[in-house]
Visitor: 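I am attaching a structure below and will ask some questions about it afterwards.
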Amino acid sequence: MFCVAPPELETKMNVTKGGLVLFSANSNSSCMELSKKIAEDVNTTIMELLIMVYACKTSCAKSIIGVIPYFPYSKQCKMRKRGSIVSKLLASMMCKAGLTHLITMDLHQKEIQGFFNIPVDNLRASPFLLQYIQEEIPDYRNAVIVAKSPASAKRAQSFAERLRLGIAVIHGEAQDAESDLVDGRHSPPMVRSVAAIHPSLEIPMLIPKEKPPITVVGDVGGRIAIIVDDIIDDVDSFLAAAETLKERGAYKIFVMATHGLLSSDAPRLIEESAIDEVVVTNTIPHEIQKLQCPKIKTVDISMILSEAIRRIHNGESMSYLFRNIGLDDR
């Protein structure tokens, strides 16, 4: 088993920290498991994973299970214009290298599971985040769950229904989470070619979208606003949403997400913003960001990953980990 996991998971699996560790589970020499701490460079980590999976395959390993809490390049899961679907490429590379099973958490789009021709267990972090809301936000009954864009409305609805709270959706020009610029598809910038179509051909052009003025659908006045999403990377859209909610009368603003990439100047921007607290799980190490910004809090999800590994290793059912999860849940 090749495991790209947070340090907390290593403790629960009795794996020593740092570097690669090879051990035998239950003294069964035929079941060897590999564990590795996630590296800072995601591309290096992916390459190491592929090489080690292939090494296990050529050594006649019976099963090779990857534990990847945050699936890299998951935002590039759709074809936009003439772009590539990098998630599909990565899935094909992992399967070709010899991976036989994948454990991951909160994929950006659950349809990514279809890119694999092996079993994929897409675990959920929402039970841990819901527990945090109930235990750490004293007046959470006066809260409203906010989707910072219509694209994340389903996730917000799922949180709101489980907590029996109201929901609000921000729509308008300030949100641009799913633009082509987010995942770097226009870097380097596109070169505009003057080489046109044949003069006799007139192909109708698609009218460009123009977003309406920013609108908050739902009442947030005098309430605690809890913005939910799956990934926090570039925080500009979250900051704009927080400012809008403050203007509409929200007196406290929380941001909750599964994967806290928090790249570039995100910690500094969060510290200077109207956001009161950012809550993320430890699918990605962010100790440095927490030192830069005290507003960032961490929820430990290593328990569910270690339980998934235990169940697969012992041949037990995984259904228990997916109880009360509907088809529309994000």
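Counting from 1, the numbers follow the sequence of the chain as shown. Computed from a prediction, not measured in an experiment: that's the story for all the values here. Computation of the quantities below employed the complete heavy-atom set of this structure, encompassing side-chain atoms and omitting hydrogens, waters and symmetry-equivalent molecules.
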Visitor: Does the pair E243/K246 count as a salt bridge with the N-to-O cut at 4.0 Å?
Guide: no
Visitor: In sequence, state the C-alpha distance, the side-chain angles, and the governing distance for S158 and R162, and then conclude on side-chain hydrogen bond (donor to acceptor under 3.5 Å, both in side chains).
Guide: CA-CA 6 Å; S158 176; R162 283 172 167 77; 2.9 Å; yes
Visitor: Just how far is it from atom CE of M93 to atom CG of L49, taken to the nearest 0.5 Å?
Guide: 9.5 Å
Visitor: Are side-chain N/O atoms of Y251 and D276 paired as donor and acceptor at under 3.5 Å?
Guide: no
Visitor: Test side-chain hydrogen bond (donor to acceptor under 3.5 Å, both in side chains) on H101 and S63; report intermediate values, then the result.
Guide: CA-CA 8 Å; H101 198 133; S63 63; over 6 Å; no
Visitor: Indicate, with yes or no, if the rings of F115 and F71 have centres closer together than 6.0 Å.
Guide: no
Visitor: Considering all heavy atoms of both residues, which atom of R164 and which atom of E161 are nearest to each other, and what is their separation?
Guide: NH1-O, 3.3 Å
Visitor: Considering only NZ, NE, NH1 and NH2 on the basic side and carboxylate oxygens on the acidic side, decide whether E277 and K252 come within less than 4.0 Å.
Guide: no
Visitor: Could you grab the distance from atom NZ of K88 to atom CD of Q76, nearest 0.5 Å is fine?
Guide: 15.5 Å
Visitor: Which heavy atom in I170 sits nearest to a heavy atom in A241, and how many Å separate them?
Guide: CD1-CB, 3.6 Å
Visitor: Which heavy atom of A156 sits nearest to which heavy atom of I145, and what is that distance?
Guide: O-CG2, 3.5 Å
Visitor: Between the main-chain N or O of N122 and the side-chain N or O of K110, is there a donor-acceptor pair closer than 3.5 Å?
Guide: no
Visitor: What are the two closest non-hydrogen atoms of S237 and K148, and how far apart are they?
Guide: OG-NZ, 3.4 Å
Visitor: Looking only at heavy atoms, which two atoms of I270 and L239 are closest? And how far apart?
Guide: CA-CD2, 4.5 Å
Visitor: Could you state whether L291 and V280 fall into the same hydrophobic cluster, counting links through intermediate Ile, Leu, Val, Met, Phe, Trp or Tyr residues with side-chain heavy atoms under 4.5 angstrom apart?
Guide: no
Visitor: Would a hydrophobic clustering, with Ile, Leu, Val, Met, Phe, Trp and Tyr connected at side-chain separations under 4.5 Å, put Y54 with I64?
Guide: no
Visitor: Given 3.5 Å as the limit, does a donor-acceptor pair link the side chain of R311 with the main chain of A308, or not?
Guide: no
Visitor: Begin from the C-alpha positions of R268 and E271 and carry the test salt bridge (charged side-chain N to carboxylate O under 4.0 Å, His left out) through to its verdict.
Guide: CA-CA 5 Å; R268 179 182 60 81; E271 186 64 29; over 6 Å; no
Visitor: Does any N or O in the side chain of T298 come within less than 3.5 Å of the main-chain N or O of I296, such that one atom is a donor and the other an acceptor?
Guide: no
Visitor: State plainly whether one hydrophobic cluster holds both I112 and I68, where clusters connect Ile, Leu, Val, Met, Phe, Trp and Tyr through side-chain heavy atoms under 4.5 angstrom apart.
Guide: yes
Visitor: Report the relative orientation of the aromatic rings in H259 and Y70; use parallel for angles under 30°, tilted for 30 to 60°, perpendicular for over 60°.
Guide: tilted
